[in-house]
Number of protein chains: 2
Amino acid sequence: MTATIHKLRSERMPSLEPMLNLVSADLNQVNSVILERMQSDVVLIPELAGHLIAGGGKRMRPMLTLACARLLDYPGTRQHKLAAAVEFIHTATLLHDDVVDGSGLRRGKQTANIIWGNPASVLVGDFLFSRSFELMVEDGSLKVLKILSKASSVIAEGEVDQLTAQRRIETTEDHYLDIISAKTAALFAAACRIAAVIAERDEDVEDHLDSYGRNLGIAFQLIDDAIDYSSDAATMGKGVGDDFRDGKVTLPVILAVSRGSDADRAFWRDAMQGTRASDEDLAQATRLLHSTCAIDDTLARARHYGQRAIDALGSFPGSKAKSALIEAVEFAISRAY
Amino acid sequence: MTATIHKLRSERMPSLEPMLNLVSADLNQVNSVILERMQSDVVLIPELAGHLIAGGGKRMRPMLTLACARLLDYPGTRQHKLAAAVEFIHTATLLHDDVVDGSGLRRGKQTANIIWGNPASVLVGDFLFSRSFELMVEDGSLKVLKILSKASSVIAEGEVDQLTAQRRIETTEDHYLDIISAKTAALFAAACRIAAVIAERDEDVEDHLDSYGRNLGIAFQLIDDAIDYSSDAATMGKGVGDDFRDGKVTLPVILAVSRGSDADRAFWRDAMQGTRASDEDLAQATRLLHSTCAIDDTLARARHYGQRAIDALGSFPGSKAKSALIEAVEFAISRAY
């Protein structure tokens, strides 16, 4: 017997294609549920929700539920409603995030809070969040409800935690990992775990899928953090340097602060506190990030979690679904290159 | 057999005392659950949530769950967690409402959004909302989950609907009743209905309690609308004229617009659009409300719904709980006098 070691590849550009091919029929079903359930007699609701939901999101989280269901050869259709519920939670979070951050651009489009105002974004977020629970209740699994309600409160805790850490260059890498485990990775993990629940597999399978999703989520967020300093708005779909101007102490900053000179630290303190937020300051920040290898090593950390995600799938037999899930990790990482 | 007709009384000042006495032991349990479940390692969460939760709310909605459970002689303890879940939904809504309205004062204290900012209020609201679902999941009744998740999405729809109607003096009384049925009365109704579910009573009992709660909720909101123009900040715990300055087209305004002269309507249009928002304008608004009997008739409408709430309890045998529920309606109405 030969061991099968899946390593993050570098020879070619990985893509989401295998995942998309695997779940495309399911994803159409999910999109139908989403479109149907974001309706309301109050016309502003589908209008605003549709802007974000139809607006070119990758449907990463619902795809994970669908792909994990395929990995487990689950023969039913419960994943469709539940994947829609996951996407509604995610969309609600995005709407509230954009209000919290005062963002103006997401996925290359104006954000809902800019077009319709903060009040509407807050309330439509609440609506989608409630709708996600209605979908879960219709599915009827208390176990799924438990997993996703727990994930939702952990996400909110992570967001508040991040707010508390905002502008504080004293934030440690460990603390930052706690924050992104909560605000980003918890929903990735839950999206994967619920597939094992509906497929009625044992707790070990749940745990492995949870692990895959959680580590992928952390890798995904770290890559996003790196891209925020190294991409342009066209690639990223949001403004470059947004984190910098918002005083978000992400891993690149934490590494640059920890490795920098006293003068560098003074710069970062001022920058995170918003007194140095010009384009020139951003250029200076980018120089410091590169001279301290902070971007490279953020990517190295991301690869570490990506590798852990892939290894979490080790006990599953080879299949198209498994290959697609592995390549999804590689794709997530590759976005930074 | 003599018919028992409960009529709204006027001879003496009704109070919440009978309700408080009825449920005081239960309410202590609910408060314990609330305090325990608003905790988080992220210290800003209990700090901010505690400000509002400990800050002198009447616990009207959880008390309804508790009193209805007593009305049905329910012998268990499930109402404690569920009443806490109801209060969490309500608190989350208040936090988001204050952000949406930009309010500065609630229950006579500075609002959380003023003290900690809008972002924290939005996110802690999300946290409490998620926690409420975790509590329901622990209780384990899919029926209760269905009732409260539906109520939550209806509340959000009502809030968005109100946002859409804001500043529009063309809003009809029917439309306005739809809005407050959703944003206020839905949670009152659900708080009462779930008591019948845990007491395992039939659908008719559920419907009667739902009806009681819904009509009480509408009456409650209409009284609030009237008080906003006729009380002072000390009584109301929020600023008088807030609705006026926010351009909220409530029932008093709808009646005054419909009964007023062309000049009056022009005044209301300007006022609701924010171009006439001085203290003098508020005084003028109050004069118009009185000259058109708009306040008196808002109160008459409230009494109508209050009477319907009381009649919804008609099929329940006399008991301390029933008397307390009836007096709670009378109390709600009496706040305006």
Side-chain angles (χ1 to χ4, degrees), chain A residues 37 40-45 48 89 92-93 95-97 99-102 116-138 140-164 166 178-179 182, chain B residues 37 40-45 48 89 92-93 95-97 99-102 116-138 140-164 166 178-179 182:
Chain A
R37 293 317 186 82
S40 165
D41 291 340
V42 182
V43 292
L44 178 55
I45 291 178
L48 191 156
I89 292 175
T93 309
L95 285 172
H96 288 183
D97 275 0
V99 170
V100 165
D101 295 342
W116 291 280
N118 284 339
S121 286
V122 170
L123 298 174
V124 174
D126 290 351
F127 173 79
L128 292 175
F129 198 56
S130 303
R131 272 285 154 96
S132 85
F133 278 92
E134 287 191 85
L135 282 166
M136 291 178 236
V137 169
E138 282 173 32
S141 161
L142 280 167
K143 199 163 177 186
V144 168
L145 273 156
K146 184 173 180 176
I147 291 165
L148 285 172
S149 60
K150 177 71 187 169
S152 299
S153 69
V154 167
I155 292 168
E157 274 183 304
E159 301 270 5
V160 179
D161 201 7
Q162 177 161 59
L163 201 63
T164 314
Q166 204 166 16
D178 286 346
I179 290 172
Chain B
R37 293 317 186 81
S40 165
D41 291 341
V42 181
V43 293
L44 177 55
I45 291 177
L48 191 156
I89 292 175
T93 309
L95 285 172
H96 288 183
D97 275 0
V99 170
V100 165
D101 295 341
W116 289 281
N118 284 339
S121 287
V122 169
L123 298 174
V124 174
D126 290 350
F127 173 79
L128 292 175
F129 197 57
S130 303
R131 272 284 154 97
S132 85
F133 278 92
E134 287 192 84
L135 282 165
M136 291 177 234
V137 169
E138 281 173 34
S141 162
L142 279 167
K143 198 163 178 186
V144 167
L145 273 156
K146 183 174 181 175
I147 292 165
L148 285 172
S149 59
K150 176 71 186 168
S152 298
S153 67
V154 167
I155 291 168
E157 274 182 305
E159 301 271 4
V160 179
D161 201 7
Q162 177 160 60
L163 201 63
T164 314
Q166 204 166 16
D178 286 345
I179 290 172

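Quick caveat, the model's predicted, so the values are computed rather than measured. Residue numbers start from 1 in every chain, and the chains themselves are labelled A, B, ... in the order their sequence lines are given, proteins ahead of strands.
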Open item on the list: With chain B as the partner, which of Lys146(A), Glu159(A), Arg131(A), Lys150(A) has the greatest number of non-hydrogen pairs under 4.5 Å?
Closed with: Lys150(A)

- [ ] Under 4.5 Å, counting heavy-atom pairs only, tell me which of Val160(A), Val43(A), Leu145(A) racks up the most with chain B.
- [x] Val160(A)

TODO: Would you tell me whether Glu134(A) and Ser149(B) have side-chain atoms, one donor and one acceptor, within less than 3.5 Å of each other?
DONE: no

Find the distance between [atom1] ([X]) and [atom2] ([Y]) and round it off to the nearest 0.5 Å.
{"X": "Asp161(B)", "Y": "Ser40(A)", "atom1": "CG", "atom2": "OG", "answer": "7.5 Å"}
{"X": "Leu135(B)", "Y": "Ser153(A)", "atom1": "CG", "atom2": "OG", "answer": "10.0 Å"}
{"X": "Ile45(A)", "Y": "Glu157(B)", "atom1": "CD1", "atom2": "CD", "answer": "4.5 Å"}

Check whether [X] gets within reach of chain B through its side chain, its backbone, both or neither, counting any heavy atom under 4.5 Å.
{"X": "Thr164(A)", "value": "side chain"}
{"X": "Asp41(A)", "value": "backbone"}
{"X": "Asn118(A)", "value": "neither"}
{"X": "Leu163(A)", "value": "side chain"}

- [ ] Go through the steps to decide whether Asp126(A) and Asp126(B) satisfy the test side chain to side chain contact (heavy atoms under 4.5 Å, CB included), and finish with yes or no.
- [x] CA-CA 8 Å; Asp126(A) 290 351; Asp126(B) 290 350; 3.9 Å; yes

TODO: For the residue pair Phe129(B) and Phe129(A), categorise the inter-ring angle as parallel (less than 30°), tilted (30 to 60°) or perpendicular (more than 60°).
DONE: tilted

Open item on the list: Counting heavy-atom pairs closer than 4.5 Å to chain A, which one of Val154(B), Leu142(B), Ile155(B), Asp178(B) comes out on top?
Closed with: Leu142(B)

